[in-house]
Every structure is written in C-alpha cells, then in structure tokens.
Amino acid sequence: MENPHAEHLQELLEGLNEPQREAVTHGEGPLLILAGAGSGKTRVLTHRIAFLVFTDQAQAGEILAITFTNKAAQEMRGRVEHLLGHGTRGMWLMTFHAACARMLRADAERLGYTRQFTIYDQADARRLTKRCIEDLGVDPKRYTPPAILGQISAAKNRLRDAAAYRQQVGSYFEQTVADVYERYERDLHRMNAMDFDDLLFRTVTMLELFEEVRERYAQSFRHVLVDEYQDTNHAQYRFLQLLVGGGRKAPAKGERTSLPGHRNLAVVGDDSQSIYGFRGADVRNILDFQEDFPDARVVKLEQNYRSTQTILSAANAVIANNRGGIAKRLWSALGEGEPIKVRELEDEYSEARFVVGEIERLVDEGASRAEIAVFYRTNAMSRLLEDTLVRREIAYQVIGGTKFYERAEIKDAIAYLSLLANPNDVVSFMRVVNSPRRGIGQTSVGKVVGHAGTMGLSIWEAAERPAEVPGLGTAAQKALARFMDTMHELRGRIEDQDQPSPVGDLLEAVLAQTGYVEALEAERTIEAQGRVENLEQLVQVGNEFDAGNEPSREALDAFLQQIALMADADSRRDEESLVTLMTLHNAKGLEYPIVFVAGCEEGVFPHARALDEGALEEERRLFYVGVTRAMRSLYLTYARRRTIFGAQTAGLASRFLDEVPAELTEFEEQAAPRWGGAGAVSGGRARRRREEDLDIDDGAGHDDAWDGVDVPASAPIRAFRRGQDVTHPAFGEGVVTAVEPGGIIVVRFAEDGSERKLMSEYAQMSGH
DNA sequence: ATCCTGATTTTTTTT
DNA sequence: AAATCAGGAT
C-alpha cells in the first residue's frame with residue numbers, strides 16, 4: 001500500500017468487529033448505520049472520521065460531523081484527535097444548532113439580520129410570544145403562550161412560515177396561532193433575533209434562496225456524518241439534503257424532489273431510541289433512509305459491549321411491544337449477570353430512602369459513586385432524591401433541572417451583554433432596564449418599547465432619547481437617561497478599536513457599573529450571596545473563554561452564541577466521584593455500571609400526558625433507553641403512593657414493569673404499612689424505623705427521612721417555626737425566617753442583619 | 001413604582 | 001409543594 005498512513009490504518013481497524021469495520025471503511029455514497037444501544041457507535045463514527053482523513057478521502061476541513069449535544073461533540077473531537085494524533089483544525093464537529101448559527105453568522109445580511117443577531121432561548125421566546133398574544137388582544141388565559149409557541153415551533157420544524165401556516169388553519173385556535181406567528185416573526189426579525197428553531201429554519205431558507213451559498217458548503221463538506229439520526233426533524237433532514245444532495249421520493253409540496261450532490265452522508269441511529277417526537281423529531285427520517293437513498297449501504301451493529309445479557313433481554317422484551325421499527329437482535333458476550341431488581345415501596349419517601357440506602361451499601365462494598373446513576377421521568381422528581389442524598393452526605397450532581405444558564409442572575413448578565421452587542425434586542429432590554437431596580441416600571445418600559453416600534457427605531461435609539469418618548473414621566477426619563485449613560489460607557493469598551501475589552505473584563509464592568517452586584521449584596525441574604533457567587537462563576541467562564549480567544553467585537557458575539565447554545569448536559573463531569581441524577585431524556589448516549597430508574601408507575605412513567613397524546617410507544621422507547629444505560633446492575637422502583645401537585649395519588653406499577661420477563665427480575669415489595677411508620681422489607685435487611693412520631697419542623701412537611709442523622713443527645717430536637725425568636729451562642733439574637741427541608745433553618749440575626757442557614761440539630765440554638 | 005398577598009396553575013421530556 | 005401571576009395596598 002502506498003498510503004503513508006498505512007500503519008495508522010492497520011491500527012485503526014484493529015479491534016473492530018465485522019460490521020463496525022464495514023461502516024468505518026465504507027467509501028463514497030450514502031451509509032446507514034443502525035446502531036443498537038451500546039454497540040459502539042461513537043467508536044464507529046470517530047474511527048470513520050479518522051479513516052476518511054488517513055485515506056485522503058477528506059481533509060479535516062471537508063468533514064461535517066453533527067452530534068446531539070455539545071458535550072458529545074467535544075468528546076468526539078477529543079477521540080478523533082487521539083486517533084489522528086494531531087488536531088482537528090477546520091473540522092466542523094458540532095451540533096446542528098451550532099453549525100447553523102455559524103453559517104448564519106457568515107451570511108446573516110442576506111436574510112436581513114446583522115451578524116450580531118441574538119439567539120433567544122425558550123424562556124425568551126415564551127415571553128415574546130406572550131407579548132404578541134397580548135398585543136393582539138387575545139386572552140392569554142384561553143390560549144397560553146406555551147401552547148401557541150409549541151404550534152409555532154412545530155410549524156418551523158416542518159419549515160412552514162407564518163403564511164404557509166395560515167393557509168392550512170382549520171380551527172379558531174389555529175387561526176389565532178397564525179396571527180400570533182405572523183407578529184412573533186415580525187418582532188423577532190425587527191429585534192435582529194432568532195429562536196432555536198429559526199437557526200435551522202433560516203439556514204435552510206438561506207441555502208435554498210442562495211444557490212452560491214449552498215454550493216459553497218455542499219462542495220466544502222465532502223463528507224457529512226450525523227449521530228442520533230433518529231432524533232432529527234424535518235428541518236434538519238432538509239438541511240442535510242441541501243448539503244449532500246439526494247432526497248425524498250415523495251417530497252412535500254413545493255420541495256424539489258431531489259438535489260444534485262455527492263451524497264456522502266453517513267448517519268448513525270437507532271429507531272428504538274427515538275425519544276424526541278414531542279419536539280418535532282421524525283422517526284421516519286431513519287426508517288425511510290433506504291427509500292431516500294435506494295443505493296445506501298446499510299450496516300447493523302447488534303453486538304452490545306455494554307450490558308449483561310439479562311439487561312439486554314429485558315430491553316428487547318420491552319421494546320418488542322412496539323409496532324413497526326427495524327428488527328434488531330442485540331446480544332452480549334458479557335454473560336448473564338445479576339437479575340434486575342424490581343422494588344415496590346410505600347411512597348416516594350421510602351423510594352428515595354431505598355435508593356439512597358442502596359447507594360450507600362454499594363459504595364460501602366467498594367463501588368465508586370461515579371459508577372452510579374439515578375434516572376427519573378421528570379425533573380421535579382430530583383428534589384426528594386437530592387434531599388435524601390444530602391442527609392446521607394453522598395456527593396452527587398444533577399444534570400438538567402434549573403440550569404446554570406437559566407438562573408435569573410445569569411440571564412440578566414447575559415442580557416446586558418446581548419443588548420450591548422445587539423441594540424435591537426428588545427427582550428434583553430426589557431429584562432435588564434429595571435434590574436437592579438431603577439424606578440423604570442412596566443408602564444414606562446411599555447412606552448419606550450411602543451415608541452421604538454411606531455418610530456421604527458431600535459430599542460437602543462429610543463432609549464437614548466427619553467424626552468422624545470410620549471407620555472414618559474420625568475422621573476422615568478431621568479432614570480432611563482442614567483441607565484443609558486452606563487450602557488454607553490460599557491459599549492465604549494467593546495467598540496474601542498485599539499483595545500477591545502475581553503469578555504471577562506466586560507462582564508465584570510457590567511456587573512459593577514450597573515450596580516447589579518451591589519444591589520444583590522445589599523440584600524444580605526444567603527440567596528443573594530449565592531447569586532453573586534454564580535455571577536463570579538460566570539465571569540470565570542468569560543475569563544476562560546478569553547484565554548482561547550483574542551479580545552474583539554467578534555469574540556463577544558461568539559461568546560454569546562456559545563452560551564446560548566449551551567445545554568446542561570454539557571456540564572456533566574465524569575472524573576469526580578459523584579452520583580449522577582438526571583431525567584431519562586438526558587441519559588441518552590450515556591452508560592453507568594449501576595442504574596436506578598425511579599418512579600416506574602402508571603401516570604408517571606409512562607407519563608399521563610404522554611398517554612393523552614398517544615405517545616405510549618415513545619414512552620416505551622424512553623424506558624428502553626433507560627434500561628440499556630445499565631452495564632451490570634439495574635434497579636426499577638415504584639411507589640404505591642406519591643404526592644403529585646400536592647395531592648396524594650395512588651400508584652400502580654408501570655406497565656413497562658409487566659413487560660419485563662419475570663424470570664429476569666428479583667421482586668421485593670415493601671410490607672404493608674403499620675400504623676406510625678413502615679419500613680420492613682420482606683426478605684431484605686431490616687430497615688431503620690421511620691421516626692414519624694418526632695414532630696420536627698413546621699409545615700415543610702413529611703420530614704420523615706431523619707433516620708440516619710445522628711442527633712447529639714444533648715441537643716433536644718425541637719420544631720422551629722417561621723417567625724420564632726431564637727438565640728445563637730455566637731451570632732446572638734435572631735428570628736427564624738424560613739424552615740427548609742433537611743432540618744435547615746434560616747435565621748436573620750439582629751446583630752448585623754445577616755441571614756444564615758443553620759442545621760437546626762447542630763446549632764446550639766435556644767428558642768424563646 | 002413597588003410590595004404584599006391570595007389565587008391559580010403547573011410538571012414531560014430539550015437543542 | 002412550588003412558582004408564577006393578578007390585584008390591591010402602600
């Protein structure tokens with residue numbers, strides 16, 4: 001072989017099984033890799049990329065590889081670099097959204113945006129939708145912003161603009177959506193902003209409208225690879241089609257049947273793991289791939305390298321209840337392994353205690369916390385698990401939920417930057433103009449925004465001349481002028497040609513000069529202090545960004561984009577010894593030796609709302625995803641009673657549990673509760689008695705998870721109540737301002753006005 | 001303009 | 001149970 005990389009090639013193909021090797025070495029033309037759970041698809045993708053480079057079929061810059069999350073992209077980049085033995089400069093290895101944002105930045109002007117356009121996340125989009133609904137005089141009670149935005153989003157995912165949507169309205173509701181959609185689009189465009197769906201939609205529009213742009217990308221990306229193809233939506237499908245050519249046999253009206261192109265598209269996916277239908281993902285994309293590309297090479301990866309045969313058999317049995325789909329028979333060479341542990345618990349508290357107790361036991365036996373994950377259907381279910389973990393002092397991390405970048409203070413800080421970057425950004429303006437309080441209330445803000453709208457000014461221009469805003473009170477005028485003075489100063493920092501401010505410095509200046517941090521510190525509460533710390537963290541993120549980027553105007557835009565497209569899954573840490581908690585959706589693509597799936601009850605999982613929408617099969621796939629994350633040990637738990645929306649609900653075991661063959665499981669139910677507590681587990685070791693009779697704390701409630709907490713004999717357990725006066729040996733007199741779960745009380749001390757969180761059973765506190 | 005309180009609503013999942 | 005929201009009091 002002449003190839004100078006021959007040696008590398010040899011090494012690259014070693015250790016791959018036959019179908020994996022076939023997928024890696026496939027040359028030109030469409031390739032469909034049906035990769036069952038744990039079958040080494042990431043391996044195939046990374047090796048294929050390296051193979052293409054080593055065989056000179058593509059330069060690094062000629063490869064576009066799409067992943068689902070930034071984290072996955074980073075991981076893949078790392079692995080590809082490792083295989084290549086050098087960097088991956090120029091390779092587009094990122095999410096759909098990031099790739100689209102990058103393309104749009106380059107040619108935004110063609111669509112009437114500047115390259116500083118702002119990306120609105122869902123919360124921003126929702127607020128804007130709400131405003132549109134109100135502006136149109138529609139009752140936001142009758143049609144809620146999320147409902148309408150959901151329709152708009154679905155339309156965008158199917159590449160329907162407002163006009164196209166209007167053409168097919170069939171109900172009054174849809175009529176209303178059409179009205180809102182039109183206005184929403186107009187406002188977004190005026191604000192030089194795009195929502196998540198726009199990133200794809202606008203990119204597709206751009207590629208369709210401007211043939212030279214399409215050709216530029218189509219030619220430069222000689223090979224396109226897509227991970228998690230089963231979760232692509234129509235817009236993403238069309239995007240790929242525009243880049244590689246080929247296309248659907250029966251195109252929707254108005255679509256070109258087929259496009260010219262190299263058709264070097266390799267997709268990897270598993271229809272059994274399609275779990276994003278609710279946000280427009282269309283399994284048909286993967287199911288119809290062979291119709292779209294009749295000459296596609298199809299490779300099935302069916303050997304699972306992750307799980308025991310027991311776990312796989314359970315997964316196979318459950319998924320067999322779904323109709324259709326592509327037949328696969330996953331098998332493992334890892335042996336039978338241990339049975340799946342199914343546990344019925346009394347209520348969610350017992351469930352949490354069981355899970356945490358089991359984690360403790362496993363850790364005692366030598367397992368690392370990092371090997372353990374707990375999955376649940378909804379984010380709300382993490383709280384109780386967290387409480388219980390905290391009590392037992394087990395280090396953990398939660399993925400998802402209240403994300404760092406969704407915290408109010410972080411969004412405020414980012415909104416300041418957005419407004420500085422994009423003077424049309426009304427949503428950001430509204431967010432920060434009175435935060436911290438400056439005496440510019442809703443009415444005043446409404447007047448300024450309205451004025452900008454009618455005069456066709458950017459919000460920045462309108463705010464610059466408060467005197468010209470009709471009806472604006474003098475106090476508000478003054479306050480606004482002061483605010484804009486500050487904003488001008490800050491803007492000067494980024495427009496300084498000689499020395500543009502680095503992002504971290506700019507952030508610090510924003511937080512200082514706007515008085516934001518000052519206002520927080522003035523609150524003198526624990527919460528406010530936590531916010532300040534979050535902001536410090538954000539500045540740190542900025543500094544880290546600066547370390548890799550020359551300070552410039554463009555750097556700020558890039559930073560904002562990076563933040564906007566950041567997902568919480570990206571913050572997952574693997575190294576530290578932490579138990580990981582997350583929703584089943586977040587679990588896709590991951591694996592853990594020990595997995596708990598909590599809340600396996602009818603109505604919870606499958607979720608009642610999903611059942612309403614006829615999405616049972618998607619729920620089942622979600623269960624399948626959960627089960628197949630486990631390598632050697634799997635626990636499935638459910639509670640007979642659970643509090644939902646503050647109401648007690650009777651729980652029935654999930655139908656998915658019935659679908660797991662009994663011979664693969666080991667079932668234990670909790671004995672019927674006796675008065676005053678439950679806890680005996682049949683066949684298992686005796687559980688600690690629940691100390692319900694201790695009247696601890698206030699209405700925060702069912703604090704029954706006190707077992708295991710060592711209470712010093714000298715400190716009497718007492719119930720602290722909000723408003724109660726207390727004396728602390730060190731901090732002096734104070735008043736209880738809050739009682740939190742976990743035996744934590746918040747006390748504001750008279751001495752210095754400070755507020756502190758204290759563990760009530762340790763604090764030598766005397767109540768009065 | 002801001003704060004407080006009571007009523008209402010929410011919890012599916014996320015780039 | 002918690003969070004958001006509207007309306008009313010200050």
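Contacts of A:E618 with the nucleic acid, taken as non-hydrogen atoms under 4.0 Å apart, are absent. Within 4.0 Å (heavy atoms only), A:Y276 reaches sugar-phosphate atoms of the nucleic acid but no base atom. Across all strands shown, A:D121 has no heavy atoms under 4.0 Å from either base or sugar-phosphate atoms. Among the atoms of the strands shown, base atoms are found under 4.0 Å from some heavy atom of A:E613.
Nucleotides B:dT11 and C:dA6 place their C1' atoms 22 Å apart, quoted to the nearest Å.
Note: CZ (A:R126) to P (C:dT4) measures 11 Å, nearest angstrom. In this structure, CZ of A:F278 is placed 7 Å from P of B:dT14, rounded to the nearest angstrom. The distance between atom CZ of A:R641 and atom P of C:dA1, rounded to the nearest whole Å, is 14 Å.
An OP1 or OP2 oxygen of C:dA1 is reached within less than 4.0 angstrom by no side-chain nitrogen or oxygen of A:T643. The shortest distance between the side-chain N/O atoms of A:N434 and the OP1/OP2 oxygens of B:dA1 is not below 4.0 Å. Checking the phosphate oxygens (OP1, OP2) of B:dT14, a side-chain nitrogen or oxygen of A:N379 falls inside 4.0 Å. The shortest distance between the side-chain N/O atoms of A:T69 and the OP1/OP2 oxygens of B:dT14 is not below 4.0 Å. In this structure, A:N586 reaches the B:dT14 phosphate: one of its side-chain N or O atoms is under 4.0 Å from OP1 or OP2. The side chain of A:N157 places no N or O atom within less than 4.0 Å of a non-bridging phosphate oxygen (OP1 or OP2) of B:dT15.
Between A:Q236 and A:V204 the shortest side-chain heavy-atom distance does not fall below 4.5 Å. Residues A:I319 and A:F623 form no side-chain contact, since every pair of their non-hydrogen atoms from C-beta on lies 4.5 Å or further apart.
Residues forming a ring pair (Phe, Tyr, Trp, His ring centres under 6.0 Å) with A:H451 (at least two apart in sequence, or on another chain): none.
In this structure, the nucleotide among B:dT11, B:dT2, B:dT15 sitting nearest to the side chain of A:T95 is B:dT15. Of the listed nucleotides (B:dT14, B:dT13, B:dA1), B:dA1 has the atom at the smallest distance from the side chain of A:S444. Closest approach to the A:T443 side chain among B:dT13, B:dA1, C:dA2 is made by B:dA1 (side chain taken as heavy atoms from C-beta onward). In the set B:dC3, B:dT10, B:dT14, B:dC3 carries the atom at the smallest distance from any side-chain atom of A:R437.
Residues A:N422 and A:T118 have side chains that bring a donor and an acceptor to within less than 3.5 angstrom of each other.
When each of A:H585 and A:V445 is assigned the nucleotide of DNA chain B bearing its nearest heavy atom, the one mapping closer to the 5' terminus is A:V445. Each of A:R279 and A:I644 was assigned the nucleotide of DNA chain B with the nearest heavy atom; the assignment lying further toward the 5' end belongs to A:I644.
With centroids closer than 5.5 Å and planes inclined by less than 30 degrees as the test, A:F96 and the base of B:dT15 fail to qualify as a stacked pair.
Checked options A:D231, A:D271, A:V268; the residue passing with A:I286 is A:D271 (criterion: side-chain contact (heavy atoms from CB on, under 4.5 Å)). Screening A:D425, A:L199, A:L560 for a side-chain contact (heavy atoms from CB on, under 4.5 Å) with A:F117, the sole residue that qualifies is A:L199.
The base of B:dT13 lies close enough to the side chain of A:R377 for a donor and an acceptor atom to sit less than 3.5 Å apart.
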